[in-house]
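In what follows, a structure is listed as C-alpha cells, so that the remarks can point back to it.
These numbers come from a predicted model, not from an experiment.
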Amino acid sequence: MTIKKHGARRACLTGTSALALGLMISAGSATAEGAADLLPQEYRDAGVIQLVTDAQYPPFQYINDEGEMVGFEVDLWDAIAERLGVEMEVTSVSFDSMIPGVQSGRWDIAMEGITDNPVRREVVSFVNYGYTTSSAYVLEENSKGIEDHLDLCGMNGAAQSGTEWVDMIAETLSDACVTDGQEPMTVSEYGTGNDVLLSLYSGRTDFVLTSAASAREIMNNAPRPVSVVAVDILPRQPSGIAFRPDEMDLGEAILEALREVMADGTYEAIYTEWDVTPMMMTHEPGINSATIPSN
C-alpha cells in the first residue's frame, strides 16, 4: 500500500519552548547550511523521499476511520519533509520487510519505532530521534497476581516478527525466569501488530510484549479489558530513521532537519499532542548513536 502524504497533519501544533524537557542543542551544533541545502541534489530534483513503514502500529502510524495515515511519527516525518523542502511518499509493508527494502534500494528510508542496534547497523544506518520503550499486556480477567515479568514465567507471549520483542521474550525475560528458578517463556510470532493483539484477545497467547507508548491506544480500543505489566529489566533504547550507509549525505540532511524541528518547538508539540513524551529525545540527536544516554 502506497500513500502519498502532503502534510495533512503538519506538526506545528503549539508554540512550546525550544528547550523542551531539558533539550539542549548548542548554538554551535547546527551546520552553516540549512537542512534543505544539505539534501542531495537527486532528492531535490525529485521533490520526493520514498519512506517505508508499517501503518498498523498506533500511536506511531495507523490508518484512521477516514482512511488517512496518522500518528506521531507521521507528524514527525511530515515536519522533517517540510524542512527538507520535499514530500514523503509513504508505503506500508510488514515490519520485517522494511529494512531489507531500504537495503536493496526499493525505498530511501524506513521509520516505525525501529530500534537502533548493532545487528541492524550491519546493513543500515540510523538518524536517532527518540526512544523505544516496552510493556507487557495481559487480559484484565487474567491479571490477578501478575505484577511484573517474573509473574509471566512459563507463559506464552506474543510479539511481532522482526522486532526485538521476540528475542526479549525468548532470551532476556526467559533467562530472568530461569535465574529465578522458574520455567522460561515461549514466544509466538505474528506478522502485524494487530495480529499480535488479536492473539491475546482470542486467548491464543497469555501476554503481548510491545511498545509502552501503545498503552493508551491498546486499552482504549481493546475488545476485552487489558492490563499493563511492568517489565523494568528491559532497556530504554534509541530508535532511528533507517537509511543506507552509503547515503550518509541524506542522513546528515535528515539529521539537520530533525535539529530544526527540535529547535523550533515542533518536536515537543508532536510528542505532547500524541501523549508520548516519555519517548522524546532530551539531548542532541545523532547518527548511529545507539549508546546515547537515556536521561
Could you tell me which non-hydrogen atom of Ala158 sits nearest to which non-hydrogen atom of Tyr190, and how far apart they are?
CB-CE1, 4.0 Å

Contact list for residues 43-65, test ring-ring contact (aromatic ring centres under 6.0 Å, His included), sequence neighbours left out
Tyr57-Phe60, Phe60-Phe72

Side-chain heavy atoms nearer than 4.5 Å, only ILVMFWY residues, links allowed to pass through others: does that put Phe95 and Trp107 together?
yes

Restricting to pairs with a member in residues 125-150, which pass salt bridge (Lys or Arg N to Asp or Glu O under 4.0 Å), not counting sequence neighbours?
Glu141-Arg224

Could you tell me whether the side chain of Leu209 reaches within less than 4.5 Å of the side chain of Leu234, counting heavy atoms only?
yes

To the nearest 0.5 Å, what is the distance between OG (Ser214) and CG (Asn220)?
12.0 Å

Give a yes or no answer on whether the side chain of Asp37 reaches the backbone of Gly34 with a donor-acceptor pair at less than 3.5 Å.
yes

Under the criterion side chain to side chain contact (heavy atoms under 4.5 Å, CB included), I'd like the reasoning laid out for Leu173 against Ile233: C-alpha separation, chi angles, the key distance, then a yes or no.
CA-CA 8 Å; Leu173 296 179; Ile233 69 167; 3.6 Å; yes

Are side-chain heavy atoms of Val123 and Ile99 found at a separation under 4.5 Å?
yes

Side-chain contact, heavy-atom cut-off 4.5 Å: Leu255 with Pro285?
yes

From NE2 (His149) to CD1 (Ile169), nearest 0.5 Å:
13.0 Å

Hey, what do you get for OG1 (Thr132) to CD (Glu112), rounding to the nearest 0.5 Å?
9.5 Å

Atom of Asp195, atom of Arg204 and distance for their closest heavy-atom approach:
O-NH2, 4.5 Å

Nearest heavy-atom neighbours spanning Ala222 and Tyr201:
CB-OH, 3.5 Å

Spell out, as yes or no, whether a donor-acceptor pair under 3.5 Å connects the side chain of Arg236 to the backbone of Tyr131.
no

Please report the shortest heavy-atom distance between Val196 and Ala159, naming the atom on each side.
CG2-C, 3.5 Å

Pairing donors with acceptors under 3.5 angstrom, does anything connect the side chains of Ser97 and Arg106?
no

With clusters defined by side-chain heavy atoms of hydrophobic residues (ILVMFWY) lying less than 4.5 Å apart, directly or transitively, does Met262 cluster with Met279?
yes

Assigning hydrophobic clusters by single linkage (Ile, Leu, Val, Met, Phe, Trp, Tyr; side-chain heavy-atom cutoff under 4.5 Å), is Trp165 placed with Ile146?
yes

As an exercise, state the distance from CZ of Phe243 to CG of Leu250, rounded to the nearest 0.5 Å.
7.0 Å

Stepwise, does the side chain to side chain contact (heavy atoms under 4.5 Å, CB included) test hold for Thr53 with Met69?
CA-CA 11 Å; Thr53 191; Met69 189 183 297; 4.2 Å; yes

Non-neighbouring partners of Ser143 that pass side chain to side chain donor-acceptor pair (under 3.5 Å), sequence neighbours left out:
none

The side chain to side chain donor-acceptor pair (under 3.5 Å) partners of Arg244 (sequence neighbours excluded) come to Glu247

Applied to residues 35-75, the disulfide bond (SG atoms under 2.5 Å apart) test, sequence neighbours excluded, yields none

Same cluster or not: are Trp77 and Met280 linked, directly or through other Ile, Leu, Val, Met, Phe, Trp or Tyr residues, by side-chain heavy atoms under 4.5 angstrom apart?
yes

Using the side chain to side chain donor-acceptor pair (under 3.5 Å) criterion, which residues pair with Asp65? Sequence neighbours excluded.
none

Is Thr272 reaching over with its side chain to a backbone N or O of Ala269, donor-acceptor style, under 3.5 angstrom?
no

Give the cluster check for Leu51 versus Ile287: same hydrophobic cluster or not, with ILVMFWY residues linked at side-chain heavy-atom distances below 4.5 Å.
yes

Please confirm whether the backbone N or O of Leu38 pairs with a side-chain atom of Glu252, one donor and one acceptor, at under 3.5 Å?
no

Donor-acceptor contact below 3.5 Å, side chain Asn288 vs main chain Phe126:
yes

May I ask you to test the Leu76-Tyr267 pair for a side-chain heavy-atom distance under 4.5 Å?
yes

Rounded to the nearest 0.5 Å, what's the gap from CG on Leu39 to CZ on Arg83? Could you check?
14.5 Å

I'd like to know if the side chain of Asn117 pairs up with that of Thr115 as donor and acceptor (distance under 3.5 Å, no hydrogens or angles considered).
no

Quick one: closest heavy-atom pair of Ala55 and Ser92, and the distance?
N-OG, 2.9 Å

With a 4.5 Å heavy-atom cut-off, do Thr133 and Pro278 have their side chains touching?
no

Quick one: does any side-chain atom of Asn64 pair with a main-chain N or O of Glu68 as donor and acceptor, under 3.5 Å?
yes

List the steps, then state whether side chain to side chain contact (heavy atoms under 4.5 Å, CB included) holds for Ser134 with Met168.
CA-CA 10 Å; Ser134 305; Met168 286 179 179; 4.0 Å; yes

Out of curiosity, Ile241 CD1 to Asp116 CG, how far, rounded to the nearest 0.5 Å?
11.5 Å

Disulfide bond (SG atoms under 2.5 Å apart) contacts in which one or both residues fall within residues 192-261, not counting sequence neighbours
none

Gln50 side chain reached by Glu89 side chain, heavy atoms, under 4.5 Å
yes

Please, which pairs that meet disulfide bond (SG atoms under 2.5 Å apart) have at least one residue in residues 149-205, sequence neighbours excluded?
Cys153-Cys177

Would you say the side chain of Tyr137 lies within less than 4.5 Å of the side chain of Val228, judging by non-hydrogen atoms?
yes

Looking only at heavy atoms, what is the nearest atom pair of Gly191 and Ser94, with distance?
O-CB, 4.4 Å

Under the side chain to side chain donor-acceptor pair (under 3.5 Å) definition, can you give me all pairs with a residue in residues 173-183, not counting sequence neighbours?
Asp180-Gln182

Asn194 and Thr192: side-chain donor and acceptor closer than 3.5 Å?
no

Check: Gln160 and Thr210 side chains under 4.5 Å, non-hydrogen atoms:
no

Once disulfide bond (SG atoms under 2.5 Å apart) is applied, what residue pairs with a partner in residues 200-258 remain, sequence neighbours excluded?
none

Residue pairs passing the salt bridge (Lys or Arg N to Asp or Glu O under 4.0 Å) test with at least one member in residues 208-219, sequence neighbours excluded, are Arg216-Asp275

Checking Ile254 against Ile109 for the side chain to side chain contact (heavy atoms under 4.5 Å, CB included) test, could you report, in this order, the C-alpha distance in whole Å, the side-chain angles of both residues, the deciding distance, and whether it holds?
CA-CA 10 Å; Ile254 293 172; Ile109 61 175; 3.9 Å; yes

Across all chains, not counting sequence neighbours, the side chain to side chain donor-acceptor pair (under 3.5 Å) partners of Glu260 are none

Counting N and O atoms only, with roles assigned by atom type, does the side chain of Asn156 sit under 3.5 Å from a partner on the main chain of Asp206, one being a donor and the other an acceptor?
no

